[in-house]
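Single-structure report; data block below.
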Amino acid sequence: MSTPLSHRPKTAIIIPCLNEEEPIADVVREVLAQGIGEVIVVDNGSTDRTAARAAAAGARVVPAPMRGYGRACAAGLAAIAPGTEIVCFLDGDGSDVPAFIGSVIGPIARGEADFVMGSRLRGQREAGSMTPQQIAAGWLAGLLLRRTYGVQFTDMSPLRALRVETLRALGMAEMTYGWNLEMQMRAAAAGLRIREVPVDHRCRRGGESKVSGNLVAGAKAAWKITATFARLAWTLRRADAGAPLTSLSGGQ
């Protein structure tokens, strides 16, 4: 169930991008069509016309020249306008479906959840839109999170949302591929109310995948995700981080 536009808190969409000049304009226009007031495209050192095309389509472009997915997401978060209540992330390659933004931010706007993530595995997927490696990585991460924290995840989808103050209080530190997994781990350790909603997923509309498109990059990302889980699980356990973070649970 989506929340009517007139009842939605002020929301910013952050789209980290690296060389996505082919799909980015259409992605921005699709997001704006959902009634979102602020779309931030973070240009993570592109060597093509990603920034120009995003700006022409109506996005506010934020430069983040030092590469790293987490760095781009953090730069977008730092750039959101004052008064923004909810932040939502999605990819700029056209594979995420902006029509599902309302389903992702709705439970947060209604005070039903603190962290919502779209599950591509529970939605409808175009043939070939996810590689077997991506599906296996989501399954493995879900298994580790379930056994460690007792939470249920089926995916590590980039389409996710939470309140701005909630995200800032999580203490995110991972600056590369581990950003999404770190967010899920910290949300679980904090005792936040977590919800997955089904979202559809498409084949990328242009550009080249930085992770799933080749075996070397995919292997590096898999290693980074594994190392991030082990390091953060140890850190959170030692620091008993659940105590200060549980104040975030309970919603707004």
Check against salt bridge (charged side-chain N to carboxylate O under 4.0 Å, His left out), Glu85 and Arg163:
CA-CA 6 Å; Glu85 298 177 64; Arg163 288 190 177 269; 3.6 Å; yes
Write down the atom of Ile14, the atom of Cys73, and the distance for their closest heavy-atom approach.
CD1-O, 4.3 Å
Between Thr84 (side chain only) and Ile80 (backbone N and O only), is there a donor and an acceptor less than 3.5 Å apart?
no
Please say yes or no: joined through hydrophobic side-chain contacts below 4.5 Å, possibly via intermediate residues, are Leu121 and Leu159 part of one cluster?
no
Can you find a heavy atom in the side chain of His201 that is under 4.5 Å from one in the side chain of Asp96?
yes
Does Ile135 reach the side chain of Thr131, with side-chain heavy atoms less than 4.5 Å apart?
no
Heavy atoms, side chains only, cut-off 4.5 Å: are Val61 and Ile40 in contact?
no
What do the steps show when you test Asp26 against Arg205 for side chain to side chain contact (heavy atoms under 4.5 Å, CB included), and what is the final call?
CA-CA 9 Å; Asp26 286 341; Arg205 296 312 196 226; over 6 Å; no
For Val42 against Ala75, the heavy-atom pair lying closest together
CG1-CB, 4.1 Å
When rounded to the nearest 0.5 Å, the distance separating CD of Glu196 from CZ of Phe115 is 9.0 Å
Same cluster or not: Tyr69 versus Met130, using hydrophobic residues (I, L, V, M, F, W, Y) connected whenever any side-chain heavy atoms lie under 4.5 Å apart?
no
Calculate, to the nearest 0.5 Å, the distance between atoms CZ and CD1 belonging to Arg60 and Ile13 respectively.
13.0 Å
Can you find a pair of side-chain heavy atoms, one from Ile15 and one from Ile24, that are under 4.5 Å apart?
yes
Examine distances only and state if a side-chain atom of Asn44 and a backbone atom of Ala64 form a donor-acceptor pair shorter than 3.5 Å.
yes
Met175 and side chain to side chain contact (heavy atoms under 4.5 Å, CB included): which single residue from Met66, Arg71, Glu182 fits?
Arg71
Minimum heavy-atom distance between Arg67 and Gly45, given as atom pair plus value:
NH2-O, 2.7 Å
Would you mind reporting whether Arg146 and Gln152 have side-chain heavy atoms less than 4.5 Å apart?
yes
Between Arg204 and Glu20, is there a salt bridge with N-O shorter than 4.0 Å?
yes
Distance in Å, Thr166 OG1 paired with Ile86 CD1, rounded so as to fall on 0.5 Å steps
9.5 Å
Joint cluster assignment, Ile108 & Met172, ILVMFWY side-chain distance < 4.5 Å:
yes
Show the numbers, then the answer: is there a side chain to side chain contact (heavy atoms under 4.5 Å, CB included) between Met117 and Arg195?
CA-CA 7 Å; Met117 191 175 73; Arg195 181 178 296 186; over 6 Å; no
Contact check, side chains of Ser129 and Arg202, non-hydrogen atoms, under 4.5 Å
no
Side chain proximity check, Tyr149 to Met185, heavy atoms < 4.5 angstrom:
yes
If hydrophobic clusters are built by linking Ile, Leu, Val, Met, Phe, Trp and Tyr wherever their side-chain heavy atoms come under 4.5 Å apart, do Phe229 and Trp139 end up in the same one?
yes
Please lay out, stage by stage, how Arg193 and Glu112 fare under the test salt bridge (charged side-chain N to carboxylate O under 4.0 Å, His left out).
CA-CA 8 Å; Arg193 296 172 301 164; Glu112 299 169 359; over 6 Å; no
To the nearest 0.5 Å, tell me how far Met156 CE sits from Leu140 CG.
8.0 Å
Gln124 atom CD, neighbour heavy-atom count above 12 within 6.0 Å:
no
Heavy atoms of Phe89 and Met183 approach each other most closely as CE1-CE, 4.2 Å
Would the distance check show the side chain of Arg160 and the main-chain N or O of Leu90 forming a donor-acceptor pair, the cut-off being under 3.5 Å?
no
Nearest 0.5 angstrom please: Asp91 CG to Leu18 CG, how far?
11.5 Å
Counting N and O atoms only, with roles assigned by atom type, does the side chain of Arg120 sit under 3.5 Å from a partner on the main chain of Pro158, one being a donor and the other an acceptor?
no
Closest non-hydrogen atom pair between Cys17 and Val41, with its separation
SG-CG1, 4.0 Å
Checking Val197 against Val116 for the side chain to side chain contact (heavy atoms under 4.5 Å, CB included) test, could you report, in this order, the C-alpha distance in whole Å, the side-chain angles of both residues, the deciding distance, and whether it holds?
CA-CA 7 Å; Val197 297; Val116 179; 4.1 Å; yes
Is it the case that Thr176 and Glu174 place a side-chain donor and acceptor less than 3.5 Å from each other?
yes
Is it true that the side chains of Ser46 and Glu21 contain a donor and an acceptor less than 3.5 Å apart?
no
If you look at every heavy atom in Thr154 and Ser119, which pair is closest and at what distance?
OG1-OG, 2.6 Å
Could you go through Leu167 and Leu170, starting from their C-alpha distance and side-chain angles, then the distance that decides it, and tell me whether this counts as side chain to side chain contact (heavy atoms under 4.5 Å, CB included)?
CA-CA 5 Å; Leu167 178 54; Leu170 284 180; 4.3 Å; yes
Side chains of Thr11 and Ile101: closer than 4.5 Å at any heavy-atom pair?
no
Spacing of Gln34 atom CD and Phe100 atom CZ [to the nearest 0.5 Å]:
10.0 Å
